[in-house]
Amino acid sequence: MLQLAFIRQNRDLVKERLAVKNFADLDLVDEIISLDEKRRKTQLENDELASKVNAASKEIGMLMGKGEKEAAEQKKTEVAQYKESSKQIADELAALEQQVNDLLVKLPNLPSTLVPAGKTPEDNVNVKEAGADPVLPANAVPHWDLIKQYDIVNFELGVKITGSGFPVYKGKGAKLQRALISYFLDYNTAAGYTEYIPPYMVNEATAYGTGQLPDKEGQMYYMPADNFYMIPTAEVPVTNIYRDDILKETDLPIKMTAYTPCFRREAGSFGADVRGLNRVHQFDKVEIVQLVHPDKSYESLDEMVAHVEKLVQSLGLKYRILRLCGGDMSFTSALTYDFEVWSGAQKKWLECSSVSNFENYQTNRMKIRFKDEKGKPQLAHSLNGSSLALPRILAALLENNQTENGIVIPEVLRPYYGADILQ
RNA sequence: GGAGAGAUGCCGGAGUGGUUGAACGGGACGGUCUCGAAAACCGUUGUGCGGGCAACUGUACCGAGGGUUCGAAUCCCUCUCUCUCCGCCA
């Protein structure tokens with residue numbers, strides 16, 4: 001969430017930036033500020049009263065020690081008077097704190113100045129487009145036909161076992177998934193990322209930390225018996241690894257990578273977008289996460305974008321990089337670049353990675369800090385990106401690399417897959 | 001799942017109602033010494049919120065949440081987690 005002190009000191013700037021994100025309820029900012037003023041006033045009252053009680057209690061202790069019972073009793077009646085108002089003020093203060101916080105989490109992150117205004121994906125800025133157009137055979141078909149032809153992914157089986165959107169990978173398809181995961185992880189660790197295998201279910205505090213809660217619980221699968229959420233992305237457990245920690249400045253940057261399955265309810269999705277592997281409820285993804293010094297986070301973002309770009313290039317896919325407009329970016333992000341690969345037979349761009357800088361929006365929720373030169377705790381910045389999401393990469397690879405003889409496996413994957421061609 | 005024990009600062013570990021934000025030890029950091037280092041010695045070593053230009057100061061925090069009391073790390077209740085034993089089990 002945004003920092004209260006920042007909102008207080010930059011009321012107009014905050015509103016102006018929120019408008020870029022098409023955030024409608026700008027009055028919320030004023031409401032928060034006035035509520036916070038009330039909160040501070042109340043705290044002052046509360047603290048002063050508590051101070052009096054504490055002082056009197058100490059005196060009582062000393063009087064008792066000296067055996068001056070009567071004087072002590074007299075003090076007690078004095079304290080009793082303070083206590084009457086103190087309970088009420090303390091409750092009031094707690095309520096105000098709660099109210100301020102409840103409103104504060106409703107504010108999305110401020111978009112960086114690089115974020116273009118806009119409402120829909122059409123307003124995203126195409127930053128770069130590269131890679132050769134795939135050369136397809138005349139009888140090229142989309143990946144949902146190819147997976148049947150080679151019997152590598154079975155959706156009907158997933159429906160039987162679980163429901164729609166839970167694909168079953170089989171044989172060479174399963175092996176190819178494993179090859180992709182291993183390749184992505186190796187590529188990330190070679191760049192200095194530490195590999196993790198986190199839990200795939202998280203508690204409420206964790207889901208809150210990265211911004212999935214409150215209000216967005218509808219996107220996650222929920223296990224009421226234990227109050228756990230299935231992770232929608234590795235970002236959630238991995239970023240929370242350092243929740244409530246105060247790091248040394250020299251610990252930064254912290255780079256982490258993890259493969260996890262991701263679970264998304266995707267309520268309301270329908271149509272051509274969900275065909276085949278384009279959108280599913282369970283999919284595999286390798287994620288990269290960084291915690292960095294606030295002065296360096298945009299440098300890190302560029303570095304991560306370059307990192308993902310090389311990975312996409314190495315697979316020989318045609319791709320483009322988009323800078324998301326205010327209306328298309330996520331609640332928690334300050335700046336996001338999406339990667340899309342060209343899926344030759346569908347003739348469609350498929351999003352395969354999203355790389356974002358959250359500045360201190362997430363770290364403020366998670367209280368991930370470091371001590372600066374002066375020894376003062378300061379919020380770190382958090383970033384993450386997919387490196388990469390598998391299903392759409394698989395879809396593009398299948399479609400773009402189809403030949404009469406089978407699916408050509410990209411060179412970088414061959415050591416992992418164990419063959420040059422999938423037949 | 002059953003029984004028992006426990007949860008204190010960066011770590012270990014005291015503390016069972018009063019001036020304790022917390023003894024002691026270790027670690028880390030700074031200094032003295034040294035050509036340099038080690039050792040030794042001296043010192044520093046919390047976080048949030050509020051007030052203050054600042055020095056500083058008020059308050060809260062000893063797993064979490066309630067309660068008792070003039071006063072709670074210390075007593076009571078609830079919850080969570082950890083450990084040990086038994087059962088079950090990949």
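Below, each value reflects all heavy atoms present in this structure, side chains not excepted, and no hydrogens, waters or symmetry copies.
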If you compare every side-chain N and O of [X] against the phosphate oxygens of [N] (OP1, OP2), does one of them come in below 4.0 Å?
X     : N     : answer
A:R8  : B:G50 : yes
A:R39 : B:G50 : yes
A:R40 : B:G51 : yes

*Rounded to whole angstrom, note down the P distance from B:A72 over to B:A60.*
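The same atom, P, in both gives a distance of 9 Å.
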
_Within the 4.0 Å heavy-atom criterion, would you say A:K371 contacts the bases, only the backbone, or no part of the nucleic acid?_
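Sugar-phosphate: the residue A:K371, judged by heavy atoms under 4.0 Å, touches backbone atoms but no base.
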
*Select one nucleotide: of B:U59, B:G67, B:C49, the one nearest the side-chain heavy atoms of A:K87.*
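Closest nucleotide among those given: B:G67.
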
*Output the residues of residues 236-255 of chain A in contact with RNA chain B, where contact means a heavy atom of the residue under 4.0 Å from an atom of the strand; sort by number or write none.*
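Residues of residues 236-255 of chain A that come under 4.0 Å of RNA chain B are, in numerical order, A:I246.
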
*Going by distance alone, is a donor N or O of one side chain under 3.5 Å from an acceptor N or O of the other, for A:N278 and A:Q346?*
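A pair is found: one side chain offers a donor N or O, the other an acceptor, under 3.5 Å apart.
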
*Is the closest basic N to carboxylate O distance between A:K148 and A:D145 below 4.0 Å?*
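Salt bridge between A:K148 and A:D145, a charged N being under 4.0 Å from a carboxylate O: no.
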
*Give a yes or no on whether a salt bridge exists between A:D91 and A:K87, defined as a side-chain N under 4.0 angstrom from a carboxylate O.*
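Looking at A:D91 and A:K87, the cut-off is met.
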
Name the pairs: protein N/O against N/O of nucleotides 68-72 of chain B, kept only if under 3.5 Å.
| residue | atom | partner | partner atom | Å |
| --- | --- | --- | --- | --- |
| B:C70 | O2' | A:S57 | OG | 3.0 |
| B:G71 | OP1 | A:K83 | NZ | 2.4 |
| B:G71 | O4' | A:S57 | OG | 3.3 |

*asked:* For a stem of at least 3 consecutive Watson-Crick or G-U pairs with distances under 3.5 Å, i pairing with j, i+1 with j-1 and so on, which stems involve RNA chain B?
replied: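 Result, WC/G-U stems under 3.5 Å: B:1-7 with B:80-86, B:10-12 with B:24-26, B:27-32 with B:40-45, B:46-51 with B:56-61, B:63-67 with B:75-79.
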
